[in-house]
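Single-structure report; data block below.
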Amino acid sequence: MPELPEVETIVRGLRGCILGKLIRSVHVFHKKPLGPLPEKEFKDFLCRETVQAVERLGKYIHFSFSSGKNMIVHLRMTGKFIFRFKPGSFHPATHIRIIFYFNDQSTLSFQDIRLFATFSLYLPHQIIKEKQNLGPDPFAKEITAPWFLDAVKNRKTSLKAVLLDQHVISGLGNIYVCEALHRARIHPNLSAYKITPSQAGKIINSIRKVLKLALKYNGTTIRDFNGVDNKSGRFQRLLRVYQRAGKLCKTCRKASVQRIKQAQRSTFFCPHCQS
DNA sequence: CTTAACGCCTGAAGGC
DNA sequence: TGCCTTCAGGCGTTAA
């Protein structure tokens with residue numbers, strides 16, 4: 001479900017709800033999100049821990065606790081955190097997989113329809129695997145046109161596929177890659193290694209521009225995404241190509257948006273703007 | 001090293 | 001109404 005702006009919206013919401021709170025107990029309704037970790041170990045690890053910080057790592061959410069322990073969550077397609085000040089005061093949601101109970105009666109429920117989401121736990125001195133495998137954040141200073149040209153110099157696949165690769169840059173997904181390439185006026189099928197220095201600069205600028213704007217609107221809600229407060233994002237009305245196949249391009253108003261398949265995912269682009 | 005294909009899951013939507 | 005196919009803000013694994 002979520003990409004950088006949505007995850008950042010969730011992280012900011014979580015900070016407002018759970019920072020400084022102590023986990024009194026944990027209820028696991030489904031073990032799949034825990035992966036190989038036994039349910040008892042998961043609960044024992046988290047019980048009596050106090051939430052010290054919530055940070056975004058690409059599309060991951062990093063919870064750190066006062067003891068130095070860590071929990072890293074990836075929401076994948078349909079993962080969602082729902083915060084409640086008091087238990088049982090809302091109509092019950094389906095597909096709740098885990099509930100965290102805090103010392104002040106508030107709860108954080110984790111919902112995941114498709115069960116793709118993952119939770120992993122790290123002791124204070126363990127190396128967090130996710131940090132090793134991720135490319136830099138789109139807003140990191142090290143991302144410059146020369147850096148990007150070097151990063152893609154051996155990549156003969158499409159620019160679209162490379163931008164979806166979290167080992168290159170972390171945080172982008174299908175919506176914002178489509179939207180950024182549209183704003184940069186580059187065809188998504190262009191081989192990554194063939195881009196010019198000028199195009200590299202345009203890509204970086206477009207990525208940052210579209211992410212900042214989406215963040216301002218609390219992300220994009222197409223079907224599943226909602227913030228911790230259960231409010232939807234508002235960026236969807238500013239999408240220029242994503243899920244607009246057959247509709248007139250909002251940028252040029254001359255051609256209609258096309259949909260193609262790349263790496264088993266839908267790509268949307270304007271054939272007039274992105275020659 | 002790189003790439004494409006497959007699998008993991010559930011539910012909504014569209015075609016017939 | 002029902003059945004079948006396709007689709008969905010993702011990514012780890014596998015095989016070439």
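Remark: A/D165 engages A/R155 in a salt bridge, criterion side-chain N to carboxylate O under 4.0 Å. The residues A/R56 and A/D137 are annotated as salt-bridged, a charged nitrogen and a carboxylate oxygen being separated by less than 4.0 angstrom. The residues A/K21 and A/D104 are annotated as salt-bridged, a charged nitrogen and a carboxylate oxygen being separated by less than 4.0 angstrom.
Within residues 164-175 of chain A, the residues having any heavy atom under 4.0 Å from DNA chain C are, by residue number, A/Q166, A/G173, A/N174, A/I175.
Among the atoms of the strands shown, none is found under 4.0 Å from any heavy atom of A/F235. Within the 4.0 angstrom heavy-atom criterion, no nucleotide atom of any strand lies near A/Q262. Within 4.0 Å (heavy atoms only), A/D112 reaches no atom of the nucleic acid at all. The residue A/T78 sits apart from the nucleic acid: no heavy atom pair falls under 4.0 Å. Residue contacts for A/T157: at a heavy-atom cut-off of 4.0 Å it reaches the sugar-phosphate backbone alone, with no base atom in range.
By the 30° and 60° cut-offs, the orientation of the rings of A/F119 relative to A/F110 is perpendicular. Aromatic ring orientation, A/F100 versus A/F42: tilted (interplanar angle from 30° to 60°).
The distance from the CZ atom of A/F63 to the CZ atom of A/R15 is 10.5 Å, given to the nearest 0.5 Å. From A/Q262, atom CD reaches atom OG1 of A/T157 across 8.0 Å, with rounding to the nearest 0.5 Å. The structure places CZ of A/F268 at 10.0 Å from CD1 of A/I260, a figure rounded to the nearest 0.5 Å.
The listed nucleotides are B/dT2, C/dC11, C/dC7; the one nearest the side chain of A/R155 is B/dT2. Among the nucleotides B/dT3, C/dA8, C/dG12, the one closest to any side-chain atom of A/K156 is B/dT3.
Side-chain N/O atoms of A/S266 include none lying less than 4.0 angstrom from OP1 or OP2 on C/dC7. Between C/dA8 and A/K261, a contact under 4.0 Å exists linking OP1 or OP2 to a side-chain N or O.
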Would you mind building the protein contact string for nucleotides 7-16 of chain B? One character per nucleotide, 5' to 3', B for base within reach (heavy atoms under 4.0 Å), S for sugar-phosphate only, - for untouched.
-> -BBBB-----
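The interatomic distance linking A/N189 (CG) with B/dT3 (P) rounds to 14 Å, in whole Å. Whole-Å rounding puts the A/R76 CZ to C/dT13 C1' distance at 12 Å. For the pair A/L75 CG and C/dG12 P, the computed distance is 14 Å after rounding to whole Å. In this entry the distance linking CG of A/N154 with P of B/dT3 reads 9 Å, nearest Å. Counting to the nearest Å, the C1' atom of C/dG12 and the CG atom of A/N133 are 10 Å from each other.
Pair check for B/dC9 finds none; no Watson-Crick or G-U wobble contact set falls under 3.5 Å.
Comparing C/dT6 with B/dC6, their P atoms are spaced 14 Å from each other, to the whole Å. Rounded to whole Å, the P atom of B/dC9 lies 25 Å from the corresponding atom of C/dC3.
If you check the side chains of A/T220 and A/Y176, you find a donor sitting under 3.5 Å from an acceptor.
For the pair A/Y217 and A/Q236, the minimum side-chain heavy-atom distance is 4.5 Å or more.
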